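Encoded as structure tokens, the structure appears first; notes follow it.
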Amino acid sequence: MRIDVLSLFPNMFTPMRESIIGKTIERGIVDFNVIDFRDYTENKHHNVDDVIYGGGQGMLLMPQPIYSAMEHVESEAGDRGHVILLDPAGRTFNQAVAEELAQEDHLTFIAGHYEGYDERIRDLVTDEISLGDYVLTGGELGAMVVIDATVRLLNDALGDQMSAVDDSFSTGLLEYPQYTRPADFEGKKVPDVLLSGHHANIAKWRKKEALRRTYLRRPDLLENYAFTPEERRLLAELKTEEGK
């Protein structure tokens with residue numbers, strides 16, 4: 001996968017070359033590029049923003065630097081890719097969107113600052129994404145979140161590909177509790193079933209505890225969840241245990 005990011009603050013993306021994402025770059029799974037679109041301004045002061053027509057507070061990003069930077073991306077990659085604008089008006093990002101983006105061969109992010117964008121920038125865009133109902137100082141952090149959640153889903157990005165499959169939200173449920181050694185830590189013991197070696201019972205326990213955690217913490221996720229008959233039985237059982 002190729003990932004291009006248009007940003008005024010390319011150094012903010014230095015952490016993307018660490019940890020799992022960094023390993024995907026080192027191994028050639030991801031071709032990651034950050035383009036400072038200030039380099040593409042055509043005015044002598046290298047301004048990327050200007051006052052708002054009709055009045056208003058703040059400054060808007062001008063279309064020209066971003067259009068020119070996008071032309072650079074297209075000349076380098078052969079296409080613009082799936083162009084994502086980080087914007088509060090976009091669709092809310094979640095695991096399903098990450099899984100969708102992971103199917104793309106080329107993602108291009110536009111991360112802006114200041115009051116916003118000249119509306120004509122949207123003509124370059126194929127997708128608009130928001131992290132949620134709050135405002136950040138710029139699109140860089142949003143782009144990093146989307147990139148991290150997406151790249152970890154690529155083939156060979158994780159050491160154990162099932163790690164991504166079992167993650168919270170990937171199955172529609174929150175992830176079940178997990179434990180490691182020691183089996184008894186200051187009187188807090190690992191559930192006996194996990195020490196039993198009985199794989200069917202462990203799988204059943206994990207499914208039930210994933211349902212329990214989702215039911216107690218994010219019951220909204222169960223509203224459209226496609227239950228199997230076994231899961232409905234487990235849900236009824238745990239509701240009784242929880243006294244609800």
Side-chain angles (χ1 to χ4, degrees), residues 1 19-21 24 29 82 84 86-105 107 126-134 142-185 187-244:
M1 173 184 280
S19 189
I20 290 173
I21 308 303
T24 65
I29 298 171
H82 186 85
I84 298 169
L86 281 304
D87 190 89
R91 56 178 176 153
T92 302
F93 186 66
N94 57 27
Q95 188 67 20
V97 176
E99 292 169 359
E100 175 189 323
L101 296 179
Q103 303 305 309
E104 299 286 343
D105 294 324
L107 299 176
T126 51
D127 201 353
E128 298 182 21
I129 289 178
S130 167
L131 291 191
D133 296 337
Y134 51 89
M144 283 189 272
V145 168
V146 175
I147 292 168
D148 186 284
T150 299
V151 168
R152 67 191 306 280
L153 298 174
L154 300 179
N155 289 336
D156 300 323
L158 302 179
D160 180 357
Q161 202 57 33
M162 289 305 293
S163 295
V165 174
D166 289 337
D167 281 341
S168 293
F169 305 112
S170 290
T171 62
L173 302 173
L174 298 182
E175 194 170 18
Y176 50 79
Q178 299 188 80
Y179 301 84
T180 187
R181 292 181 287 185
D184 186 336
F185 176 69
K188 301 177 181 66
K189 297 182 179 181
V190 173
D192 290 339
V193 65
L194 299 180
L195 306 176
S196 67
H198 194 299
H199 296 299
N201 286 349
I202 291 172
K204 179 180 176 181
W205 180 88
R206 286 175 169 171
K207 174 62 70 174
K208 184 175 181 179
E209 294 309 308
L211 283 165
R212 187 191 308 275
R213 180 166 285 181
T214 307
Y215 172 69
L216 293 176
R217 301 186 185 186
R218 288 292 305 277
D220 56 296
L221 295 177
L222 298 178
E223 293 175 3
N224 298 309
Y225 183 73
F227 290 92
T228 66
E230 173 68 5
E231 287 171 336
R232 289 196 179 280
R233 188 188 68 76
L234 290 173
L235 181 62
E237 191 176 287
L238 71 86
K239 283 183 177 179
T240 300
E241 292 172 0
E242 296 293 335
K244 298 182 180 181

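Every value quoted in this text rests on a predicted model; they were computed, and no experiment measured them.
Counting non-hydrogen atoms of neighbouring residues, nucleotides and ligands closer than 6.0 angstrom, the CG atom of D192 reaches no more than 12 such neighbours. Within 6.0 Å of atom CZ in F227, more than 12 heavy atoms from other residues, nucleotides or ligands are found, so the atom counts as buried in its surroundings. For D133, the CG atom sits in a loose shell: 12 or fewer heavy atoms of surrounding residues, nucleotides or ligands are nearer than 6.0 Å.
Scanning all heavy atoms of the two residues, the minimum distance from L86 to G142 falls at CD1-C, 3.9 Å. Heavy-atom minimum distance, M1 versus L101: CE-O, 3.5 Å. Across all non-hydrogen atoms, the minimal contact from L195 to A183 is CD1-CB, 4.3 Å. The shortest heavy-atom contact between V97 and T92 is CG2-O, 4.0 Å. Contact between P219 and R217 at its shortest, heavy atoms only, is CD-C, 3.5 Å. Of all heavy-atom pairs spanning T171 and Y225, the tightest one is O-CE1, 3.4 Å.
When each of R232, R212, K208 is paired with E237, the side-chain hydrogen bond (donor to acceptor under 3.5 Å, both in side chains) condition holds for K208 and for no other.
Interatomic distance, R213 CZ to R218 CZ, rounded to the nearest 0.5 Å: 13.5 Å. Separating the CG atom in L238 from the NZ atom in K207 is a distance of 12.5 Å, to the nearest 0.5 Å. The line from CG of L235 to OG1 of T240 is 9.5 Å long, rounded to the nearest 0.5 Å. One distance of note links CD of E230 with CG of L234; it measures 4.5 Å at 0.5 Å rounding.
For the pair I21/M144, no side-chain contact is recorded, criterion being any heavy-atom separation below 4.5 Å from C-beta on. Side-chain contact between I84 and H82: present, with at least one pair of heavy atoms (C-beta onward) separated by less than 4.5 Å. Taking the side chain as every heavy atom from C-beta outward, V193 and K204 never approach each other to under 4.5 Å. When side chains are defined from C-beta on, D148 does not count as touching I20, because their heavy atoms never get closer than 4.5 Å. Side-chain contact between L173 and L222 is present, with heavy atoms from C-beta onward closer than 4.5 Å.
Of the possible donor and acceptor atoms, one in the side chain of T214 sits under 3.5 Å from a partner among the backbone N and O of L174.
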Item to check | Step-by-step side chain to side chain contact (heavy atoms under 4.5 Å, CB included) determination, L131 to V145 | outcome: CA-CA 8 Å; L131 291 191; V145 168; 4.0 Å; yes
